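Worksheet for the structure shown next.
Atoms considered below: every heavy atom in the structure, side chains included; atoms not considered: hydrogens, waters and symmetry mates. Please read all numbers here as calculations on a predicted model, not as lab measurements.
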Amino acid sequence: MIDHIVGNQLISAGVRQDIIERTDGIPLFVEEMTKAVLETKSEGETRRTTGNIPSPAAAVPASLHASLMARLDQLGPAKEVAQIGSAIGREFSHTLLFSVASKPEPELASALDRLISAGLLFRQGVPPYSSYLFKHALVQDAAYGTLLRRRRQELHARVATALEQHFADLVDRQPEILAHHLTGAGQAERASDQWLKAGQFAASRSAYAEAVSHFDRGLSLLPSLLDAQRDRQEIKLQLAKGVSLSNANGFSSAEAAKAHARAHELSDKLGDIDSQFTAIWGLWTFRRTSDWNAARQLSDRLLSLVEKSDNVGLRLEAHHTGWTTHFFCGELAPAQEHCETGRTLYEFEQHRTHAHIYGHDPGVCARTLGAWSAWLLGYPDTALAHVNDALALAERVNHPFSLAMARLHASILHQFRRDSASVLQCIESAETLAAEKRIALPLDPRVLRGWALLAPDTIEAAIASYRAALADPTKQGTIQYAPYSFALFCEVLCRTGNHSGGAEALTGAAAIAEQSGEHWWDAEISRLRGLVALFRGQRGGSNAWLLKSLQTARQQRAKSLELRAATSLARFWRDQGKRTAARDLLAPVYGWFTEGFDTLDLKEAKALLDDLAS
């Protein structure tokens, strides 16, 4: 038997004889419950009381609703004020109620006093600066339930008008309130547009789940609109929804791709080039997570669309897809060219809104991807300057997803430079922001943390971090960064002497690179395969892999990776007694560099050259 306390009375849910019918058909049990709800002194007490409604008694809530409606019927003119308040919401201000009710102040005050005396409302403050709260949602529902459909629509329309005319600041802060009342008023076109605004406002605060809910509310109203009007509105809602889903769930979000595909279908139908561009951009975002060949086709299409366009914003975003696609495909020089074009086209005041349209700021991305390209092309200090510039711009843009991405990308650059302390600092700040704003980062932070923890006293933590992050590289529907991630994992495993595990990780990295077309880290994967082969006593295989690494780096013009390959191969040759060949290989590569001499790669190359010269 389950006991429940309601007010001061103990009620046993299993004792049927305690529920005695009154002559009006309402059980005495429900009457006591109604009394308990209405006699509470605070909202908290009300919640505790109604929380004790026995769930096994399925008929009790309906009976309680009927009891509350009966009480309302006894209030005379005050019932109408309760109905108006219920249409406004669970809580409402005196001034808004006055604007909607259109009653003389004395008459309104009298009705409110009666509702308070009847135990239906709480009041806080002194009229006209007071606010009111229905004691429980059940009370509001009961009052609202007495309204006919036409009267409900009329009241919601009056609330919407009052909000727009007298409470613009409230509408600015909570646009969903106006959207709710326009919906209730049956004004589908205006309501849908207001739900769009509400979703955009939520997205601007990184409340992406809330934003998607608002966009869906707007979409649900479209069937009642005219065809052309409906299609244009749906495009706006689907594009906005797609960006929010992508930021919340990751670039691989199938739901985001579905929204962008629908927007693309409609924009094609209407011949709306701007919307068509944005929809294709969203589809490119999805394709980049698993298939760079398909992403390249979409990027090329966008670049073709804007080839003769005077729309700087669209040209900027077309180049945005260009620098990202070329970089991840291992085409560093074209990637750098697109980045430079992007930095030239980007104007802060003009393009800062792109973060909300496309998901992240193009100026920030041009600088971070430009930093990666610069490092790979052999300019470590220039790369560091670019990424610091990106972080400063991201702070200025004040768009959480852009800032989180900038910090993640900065941590990756520091990993290139083998600066563990800076990696940890950046990745922790990125992870904190992502958790706070519920942002899905494209690379699991544990990957970089695992690499940065490569020290004798933290090696177990590094392995645990990697195993958690890489247990299933396709779990989130994306394999982007997987070749890079598995290469870093190889380093961790080899540090513990697990060279077979390292070899397995690299085999996986190469297979995913081949499958997805992500080739920017190919040279390093081959170099590591050469080192693993050496550790396993496979000298012939080691030499072949190191030569392949050198060849790949040269083909991609990746001077920093060429330096690593040349250093590893020169060390291998030195140990075989080929000192002259080793020096002749490494010296011209090292001599090419003009900056970055304080980085570990260049320091190690210099130390090896000094040894070979002795």
Side-chain angles (χ1 to χ4, degrees), residues 332 374-384 413-423 451-452 454-459 487-488 490-499 502-503 506 521-614:
L332 306 179
W375 183 84
L376 284 166
L377 289 167
Y379 301 97
D381 294 344
T382 300
L384 186 60
L413 178 70
H414 290 306
Q415 191 281 319
F416 295 167
R417 291 168 55 90
R418 299 167 64 190
D419 182 351
S420 298
S422 295
V423 169
W451 178 88
L454 276 176
D457 57 341
T458 57
I459 193 69
L488 298 190
C490 169
E491 292 188 47
V492 175
L493 292 172
C494 289
R495 185 68 64 90
T496 67
N498 184 1
H499 298 117
L506 292 173
W521 208 240
D522 279 3
E524 185 68 352
I525 291 171
S526 293
R527 186 184 74 88
L528 291 171
R529 294 182 89 165
L531 295 180
V532 169
L534 181 61
F535 283 126
R536 302 176 79 183
Q538 301 166 358
R539 293 182 178 275
S542 176
N543 191 74
W545 280 118
L546 292 175
L547 284 171
K548 182 175 177 60
S549 173
L550 192 68
Q551 179 185 18
T552 301
R554 287 173 173 170
Q555 288 173 344
Q556 295 182 352
R557 295 172 56 183
K559 296 299 292 189
S560 289
L561 297 186
E562 182 184 352
L563 178 69
R564 286 189 182 179
T567 301
S568 295
L569 188 56
R571 187 178 292 116
F572 176 55
W573 286 353
R574 178 203 62 184
D575 294 343
Q576 290 186 315
K578 303 176 182 178
R579 297 178 66 87
T580 301
R583 184 179 64 249
D584 291 344
L585 169 67
L586 181 57
V589 180
Y590 177 83
W592 179 92
F593 282 82
T594 58
E595 61 180 64
F597 296 105
D598 61 338
T599 61
L600 283 175
D601 285 348
L602 283 156
K603 286 181 178 179
E604 289 178 358
K606 178 64 166 60
L608 180 56
L609 282 172
D610 289 345
D611 176 65
L612 291 170
S614 61

Closest heavy-atom contact between [X] and [Y]?
| X | Y | value |
| --- | --- | --- |
| Gly502 | Cys490 | O-SG, 3.7 Å |
| Leu488 | Gln415 | CD2-NE2, 3.4 Å |
| Asp381 | Gly596 | OD2-N, 3.0 Å |
| Ser549 | Ala565 | OG-CB, 3.3 Å |
| Trp451 | Ser420 | CZ3-OG, 3.6 Å |
| Thr567 | Leu608 | O-CD2, 3.5 Å |

If you measure from [atom1] on [X] to [atom2] on [Y], what distance do you get to the nearest 0.5 Å?
| X | Y | atom1 | atom2 | answer |
| --- | --- | --- | --- | --- |
| Trp573 | Leu586 | CH2 | CG | 10.5 Å |
| Gln556 | Gln551 | CD | CD | 11.0 Å |
| Leu377 | Leu332 | CG | CG | 5.0 Å |
| Leu612 | Arg571 | CG | CZ | 9.5 Å |
| Leu585 | Tyr590 | CG | OH | 15.0 Å |
| Phe572 | Leu546 | CZ | CG | 7.0 Å |

For a 4.5 angstrom cut-off between non-hydrogen side-chain atoms, does [X] reach [Y]?
| X | Y | result |
| --- | --- | --- |
| Asp601 | Ser560 | no |
| Leu561 | Trp375 | yes |
| Phe535 | Ser542 | no |
| His414 | Leu384 | yes |

Does Arg539 CZ have over 12 foreign heavy atoms under 6.0 Å away?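 For Arg539, atom CZ is not crowded (no more than 12 foreign heavy atoms under 6.0 Å).
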More than 12 heavy atoms of other groups within 6.0 Å of Arg583 CZ: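 More than 12 within 6.0 Å, yes.
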**Request:** Please lay out, stage by stage, how Asn543 and Leu534 fare under the test side chain to side chain contact (heavy atoms under 4.5 Å, CB included).
**Result:** CA-CA 8 Å; Asn543 191 74; Leu534 181 61; over 6 Å; no
Please check if the side chain of [X] supplies one atom and the backbone of [Y] the other of a donor-acceptor pair under 3.5 Å.
| X | Y | result |
| --- | --- | --- |
| Ser526 | Ala523 | no |
| Arg579 | Asp611 | yes |
| Arg417 | Pro380 | yes |
| Glu562 | Val589 | no |

(message) Looking at Glu491 and Arg418, is there a salt bridge between them, counting it only when a charged N and a carboxylate O are closer than 4.0 Å?
(response)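 Result for this pair is no, no salt bridge flagged.
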Note to self: Under 4.0 Å between a side-chain nitrogen and a carboxylate oxygen: does that hold for Asp610 and Lys606?
What the structure shows: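 Judged by the 4.0 Å cut-off on N to carboxylate O distance, Asp610 and Lys606 do form a salt bridge.
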- Item | Check: Tyr379 ring centre within less than 6.0 Å of Trp592 ring centre |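 Yes, the ring centres sit under 6.0 Å apart.
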Which is it for Ser568 and Leu531 under the side chain to side chain contact (heavy atoms under 4.5 Å, CB included) test, yes or no, and what are the steps along the way? CA-CA 8 Å; Ser568 295; Leu531 295 180; 4.2 Å; yes
